[in-house]
Amino acid sequence: MKNKLLLLMLYLFIMQPVFSKNISGIWQNDLRTLFRKNGAVIYTINIRTFNAKDANNNEIIDDDEESGNFINAIDELDNLVRAGINTIHVLPVTPVGKLKAFGTAGSLYAISNLTEINPQIVSKTSELSGAEQAELFVKECHKRNLRVIFDIPGCGSYDMYVEHPEYFVKDEKGNPIIPLDWSDVRLFNSGSEEQPNEDLLELHKKFIDMLISVNADGIRADVARIKPASFWKELINYARAKDSEFLFLAEASTSWNDPVAKDTVCTPVDALFEAGFDAYLGNYFNLKNWKTSKEFISAVQSDLKMLKKFKEPKSAIGSFATHDEISPILIHGAKYSKMIIWLNTTLPLNSYYIDGFPTGDTYSYQWANKFAQNSQTDDEYYFTHNGKIDLFNFSRKPGGKDYSIYNEFLLANKFKEYYSSELSTAEFKPLRTSNPSVFAYARVTNNSSLVVFGNLDFNNPCSVTIKIPKFKPSKKILNLRVNRNLSNEYSNGKIRTTLEAGDIQVLLINNLVF
């Protein structure tokens, strides 16, 4: 009866109409609290493409077509709510550079200004200013109980360097430093741990003021490690004095230990958390490289151990597929996307997805690297990162055609919402398997447990035994991947099965405690 009730509740969640949970009309930011419970289901969008109108289907937004903007983005918000999203991460919304640029619109991360809204994402059909349109977008998100995180880029464009050289690091010859191979940007001079750059800090405070004025709920700090912890601590305290729930999410990972340029700051994750960051990227983008259960489970356990070191609760996001990562479809096909969905749902982290992921976009653009007749920058070619969402041009709305992925995306997100109170306190417990390619773990609660196991071999099926202490075949078992027919054999303390290549199973077992 309880299994049938759960399925019915999930169905009702999926079919419910979109309505405002923010009935009072007064929004109360709760994003830090949501992150602490690992309850965020985050969807990352590029306003410039999110609801772009590609009428002639040539994948580029021509001069007579409407690019994505804050106003037409509102039309897509109900679809996100229906899909179980509760938080939106908006990629940079500040003006972009036009000199030494990449792409015909310029990279979102090559900013020329930190205190204004990018005119490229301002609707020409509205009389509202850019800031007013941004505020309206956030207001419409809040009406639907969607929290909004804005991105703060880590570097500046060449245009910005020309206008404000005092914001930038210079080499021994007096030239601005290009970090890594990001030749369309120049490295900010954020100062040292002992003495942060006050001019740059004041500029970042103005950015915070702009976000607070449009009622944003937090920021995601691009390449957070390239600024000293003292810089972030002052900025975080400044923001929290205005909104105690204002979230700071660091693009940082314990996998990254090298500076982006010679003799520059490289702040470790621990120091970022001590400065006040609430969450970080984690190491889950490495899933594509993990071949064994030991690698996978060790990474999760190391992450949890590190997060528990701090007095204030900290968390990670499911960084399996971000705008910096190749589309999962190009790595291991749709089965990889489905594995990511269920890991996001069942691991102790905040779920994270990029626009286009739910339907399997490969981000392959037919015009990539071809000559462009028109350009807003000094780049005459369409520039893309092959297999990654376009950040450089006025391009089509992201999306693929694999709705089998979307169906699981919908179900998993709704389950996470329905089961949120249990998941927020559930213990993570690794389980032993007979095959090194198969990981297994349980999320243990007082009344039931989620048991998850998957095959990291995306080329070959495998037979495996999962050892589950105190498990008995008489216990009620609900298969959350309802479209999957299982051939499991249940016996005391064990589940035997054959997993397809890249397959994952998610079972809810009543009255299973450890």
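All heavy atoms count here, side chains included; hydrogens, waters and symmetry mates do not. Note that the coordinates shown come from a computational prediction; the quantities given were computed from them, not determined experimentally.
- Screening Thr87, Asn86, Asp355 for a side chain to side chain donor-acceptor pair (under 3.5 Å) with Tyr43, the sole residue that qualifies is Asp355.
- Ring geometry, Phe285 versus Trp256: the interplanar angle falls under 30°, so the pair is classed parallel (tilted spans 30 to 60°).
- Using a 4.0 Å cut-off between charged side-chain N and carboxylate O, Glu59 and Arg396 make a salt bridge.
- To the nearest 0.5 Å, atom OG1 of residue Thr377 and atom CZ of residue Phe102 are 10.5 Å apart.
- Between the side chains of Asn113 and Thr94, not a single donor N or O lies within less than 3.5 Å of an accepting N or O.
- Checked by atom type, the side-chain pair Arg240/Asn237 shows no donor-acceptor distance below 3.5 Å.
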So Arg220 and Asp222, salt bridge (Lys or Arg N to Asp or Glu O under 4.0 Å) or not? Walk me through it.
CA-CA 6 Å; Arg220 178 259 193 195; Asp222 178 51; 3.4 Å; yes
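- Of the possible polar contacts, none joining the Gln376 side chain to the Gly106 backbone as a donor-acceptor pair under 3.5 Å is found.
- Under the 4.0 Å criterion applied to side-chain N and carboxylate O atoms, Arg144 and Glu140 are assigned as salt-bridge partners.
- Of all the heavy atoms in Asp217 and Arg147, the pair that sits closest is OD2-CA, 3.3 Å.
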Between Tyr382 and Tyr365, does a ring pair (Phe, Tyr, Trp, His ring centres under 6.0 Å) hold up when you go through it step by step?
CA-CA 10 Å; Tyr382 297 116; Tyr365 302 94; over 10 Å; no
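- Looking only at distances, no side-chain donor or acceptor of Glu163 sits under 3.5 Å from a matching main-chain atom of Ser112.
- Between Phe231 and His204, the angle of the ring planes goes over 60°, which puts this pair in the perpendicular group of the 30/60° scheme.
- Classification of the His142-Trp27 ring pair by plane angle, with boundaries at 30° and 60°, yields parallel.
- For the residue pair Ser67 and Gln120, no side-chain donor N or O sits within less than 3.5 Å of a side-chain acceptor on the partner.
- Lys100 forms a cation-pi arrangement with Tyr158, by the criterion of a distance under 6.0 Å to the ring centre and an angle within 45° of the ring axis.
- Using cut-offs of 30° and 60° on the angle between ring planes, the pair Phe320 and Tyr284 is tilted.
- Checked against the 6.0 Å centroid threshold, Phe383 and Tyr381 do not count as a close aromatic pair.
- With 3.5 Å as the limit, one finds a donor-acceptor pair spanning the side chains of Thr254 and Asn283.
- Side-chain atoms of Asp390 and Ser395 form a donor-acceptor pair, as typed in the model, at a separation below 3.5 Å.
- Tyr161 and Asn175 are not linked by any side-chain donor-acceptor pair at a separation below 3.5 angstrom, with hydrogens and angles left out of the test.
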The test is side-chain contact (heavy atoms from CB on, under 4.5 Å); show your working for Ile389 and Asp361 and say whether it passes.
CA-CA 9 Å; Ile389 189 172; Asp361 198 338; over 6 Å; no
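- Between Tyr353 and Phe357, the ring-plane angle classifies as tilted under the 30° and 60° cut-offs.
- Residues Arg32 and Asp30 are not paired through a salt bridge, judged by the lack of any N-O separation under 4.0 Å between the basic side chain and the carboxylate.
- Remark: the Tyr352 side chain and the Ser319 side chain contain no N/O donor-acceptor pair separated by less than 3.5 Å.
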